[in-house]
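Model, not experiment: these values are computed from the prediction. Lettering follows sequence order; numbering is per chain, from 1.
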2 protein chains.
Amino acid sequence: MSAAMEPMKARRLYLLLREQILSGEVQDAARLPSEPALAQEHGVSRVTVRRALDKLASDGMIERRPGSGTFVSAGQAHMPVVADLANAFTHLVEMGRKTGVRLISFSYVNATPALAEELKLDPGEKLQRSIRVRLIDGQPFSYLITHVPERIGISYSEADLASTPLLELLERSGLVADKAQQIIGATLAGPDVAAALDVEIGAALLSMSRVVFEASGRGIEHLQALYRPDRYSFHMELARTGDTGARRWTAADSRGLTQANENNQDTEKKNARDKRPPLKRRTKNETGRDPSKP
Amino acid sequence: MSAAMEPMKARRLYLLLREQILSGEVQDAARLPSEPALAQEHGVSRVTVRRALDKLASDGMIERRPGSGTFVSAGQAHMPVVADLANAFTHLVEMGRKTGVRLISFSYVNATPALAEELKLDPGEKLQRSIRVRLIDGQPFSYLITHVPERIGISYSEADLASTPLLELLERSGLVADKAQQIIGATLAGPDVAAALDVEIGAALLSMSRVVFEASGRGIEHLQALYRPDRYSFHMELARTGDTGARRWTAADSRGLTQANENNQDTEKKNARDKRPPLKRRTKNETGRDPSKP
DNA sequence: CCCTTCTGTCTCTTTTAAAAGACATTTAGC
DNA sequence: GCTAAATGTCTTTTAAAAGAGACAGAAGGG
């Protein structure tokens with residue numbers, strides 16, 4: 001019922017206006033220039049302006065009143081799910097219990113050179129590769145690609161993965177996580193991730209990659225997580241300790257997981273999945289599931 | 001000499017292949033299907049496949065050998081600049097001394113409702129608004145939008161902003177930062193930010209917004225930072241402390257700021273700025289500058 | 001109340017991207 | 001050295017996005 005990917009000029013104007021609104025360059029709650037004005041100002045046709053505004057409106061960033069004008073929607077809904085950075089891990093474990101998980105794929109593969117190095121694998125060692133999607137209130141917010149050495153991966157079943165956090169599975173089988181590295185960055189959503197997270201194809205995602213090591217120094221888990229930034233973000237509260245000269249910020253253990261905010265306009269957001277018929281995509285089995293277990 | 005924004009289908013295929021490579025779905029160093037094969041597989045023409053591959057190649061993700069095939073470029077260059085998350089602040093201060101800063105804009109504006117609330121401003125209070133770009137080795141990596149209450153902002157000059165970190169300026173004028181909130185997310189690059197950071201218009205950016213409070217509880221700084229994820233990312237090392245039952249991750253103060261890796265293919269990356277002639281953009285004064293001062 | 005201005009919704013034309021195919025050039029293998 | 005198959009580079013045709021304009025309906029101000 002609607003085209004999938006907005007065309008170039010419209011997208012450009014959309015990003016421009018979005019930038020101006022988010023950066024505070026355009027006053028909050030102010031009226032935007034009229035559509036013909038915007039069209040002339042940016043040297044595009046009104047249809048294009050309209051497409052850009054349509055998208056802003058579907059993002060909930062603007063409100064359009066026929067006969068009156070187009071207005072910046074103040075609020076900017078906050079993040080529904082927020083992870084505390086200081087100990088994101090424990091929260092993730094807790095969250096694993098409160099959220100649903102879909103197992104997208106599960107297989108054993110050869111380690112790529114990069115992965116083998118990061119996990120400090122023995123040469124030729126294989127990896128268990130699984131892809132999961134985490135849901136909260138039935139809505140996906142994270143896409144997890146995990147690689148675990150085969151010798152470790154065999155200690156739990158495919159079904160376990162769909163119900164229990166991986167770290168817990170690992171520790172149940174006697175392994176002791178000792179150290180971990182995390183890198184937080186950003187990337188663009190590809191078609192698979194986009195479909196799984198219900199976002200558009202070029203959307204921005206928060207990415208976290210993590211490698212967990214046991215005491216011996218060998219890697220036991222490699223995780224590449226992709227988050228919808230509108231549903232999940234990292235949150236820290238910092239306190240300044242020490243006096244002038246040696247001042248420094250320390251992470252105040254803010255009781256995180258602010259899970260408020262229910263009026264996000266996401267419900268209203270068209271869940272129309274786009275078509276892109278020619279570009280094929282692998283089929284994927286779906287394993288909806290909700291937790292249980294002590 | 002080259003078109004600015006890659007067309008839709010090409011972009012889609014680009015994102016698809018990129019996803020498959022980054023997720024490890026396509027084996028490292030493996031040969032991709034031939035261009036005609038990819039064209040048929042995805043139901044697009046070879047020109048489109050070609051455009052997608054062109055972009056992957058310019059990202060350094062693939063290598064094309066005429067007569068032989070197209071191969072996945074293993075390495076995936078690491079981040080040149082990495083910030084330690086545990087005390088990203090002090091590092092930022094240090095970095096402020098080692099890097100260049102460009103002042104993009106400087107003005108006084110009315111506070112938007114959202115900003116007024118976040119900073120806990122008195123009604124009607126105005127804000128000093130400044131936009132800066134941080135460079136390392138002459139290359140931009142962060143775009144900073146700061147809002148400071150006017151009464152505080154007048155204590156330093158426009159030129160100060162181009163040479164000294166803001167937090168230092170604030171503390172020089174007698175203010176004492178006490179607490180801060182940070183939120184880390186991701187967003188898409190708009191035209192202005194894209195131009196300033198030398199990325200494409202729809203690129204993914206790492207975003208951090210921070211509010212700093214003094215002891216009285218009043219906000220003294222609001223920062224919205226946008227980072228190029230290929231040049232800057234957050235890095236943490238975690239250690240697991242406590243025994244089974246009450247296990248928990250604590251941030252091991254990894255001596256961060258890993259500034260290694262010089263062979264990033266970025267030098268070779270075409271710095272061709274795209275044209276987009278009709279879409280206007282505000283002009284911006286540039287204040288190149290390198291540090292000094294004790 | 002009327003007039004102006006704004007958004008909403010069409011139609012038609014122009015421009016640009018994508019498709020289809022031909023052909024040259026390079027490499028690897030037999 | 002020949003052949004098969006790959007990338008590189010064209011040209012022509014077709015499909016899709018963007019442009020241009022007309023017109024209806026809603027809101028606000030004199």
Set of residues satisfying salt bridge (charged side-chain N to carboxylate O under 4.0 Å, His left out) with respect to [X], sequence neighbours excluded:
X        : answer
A/Glu125 : A/Arg151
A/Arg50  : A/Glu35
A/Glu118 : none
B/Glu150 : none

Counting only side-chain N and O atoms of [X], is one of them less than 4.0 Å from OP1 or OP2 of [N]?
X       : N      : value
B/Arg50 : D/dG8  : yes
A/Lys9  : D/dG19 : yes
A/Thr70 : C/dT7  : yes
B/Arg31 : D/dA6  : yes
A/Arg64 : D/dA26 : no

Of B/Val47 and B/Ser34, the one whose nearest nucleotide on DNA chain D sits closer to the 5' end is B/Ser34

Pull out every protein N or O sitting under 3.5 Å from an N or O of nucleotides 23-30 of chain C, one pair per line with the distance.
{"from": "C/dT27", "atom 1": "O4'", "to": "B/Pro66", "atom 2": "O", "distance (Å)": "3.4"}

The side-chain hydrogen bond (donor to acceptor under 3.5 Å, both in side chains) partners of B/Asp122 (sequence neighbours excluded) come to B/Arg218

Across all chains, not counting sequence neighbours, the side-chain hydrogen bond (donor to acceptor under 3.5 Å, both in side chains) partners of B/Ser209 are none

Please report the distance, rounded to the nearest Å, between [atom1] in [X] and [atom2] in [N].
X       : N      : atom1 : atom2 : result
A/Arg12 : D/dA18 : CZ    : C1'   : 13 Å
B/Asp54 : D/dT7  : CG    : P     : 12 Å
B/Gln40 : C/dA20 : CD    : P     : 11 Å
B/Phe71 : D/dT7  : CZ    : P     : 9 Å
B/Glu35 : C/dG21 : CD    : C1'   : 15 Å
A/Leu38 : C/dT7  : CG    : C1'   : 12 Å

The helix from C/dC1-D/dG30 to C/dC30-D/dG1: angle between terminal helix axes, five bp per end, to the nearest 10 degrees, reads 30°

Measure the acute angle between the ring planes of B/His222 and B/His147, then classify it against the limits of 30° and 60° as parallel, tilted or perpendicular. perpendicular

For B/Thr146, the side chain to side chain contact (heavy atoms under 4.5 Å, CB included) test, sequence neighbours excluded, returns B/Ser130, B/Arg132, B/Leu166, B/Glu221, B/Leu223

Result for side-chain contact (heavy atoms from CB on, under 4.5 Å) between A/Leu38 and one of A/Val44, A/Thr48, A/Leu13, A/Val49 points to A/Val49

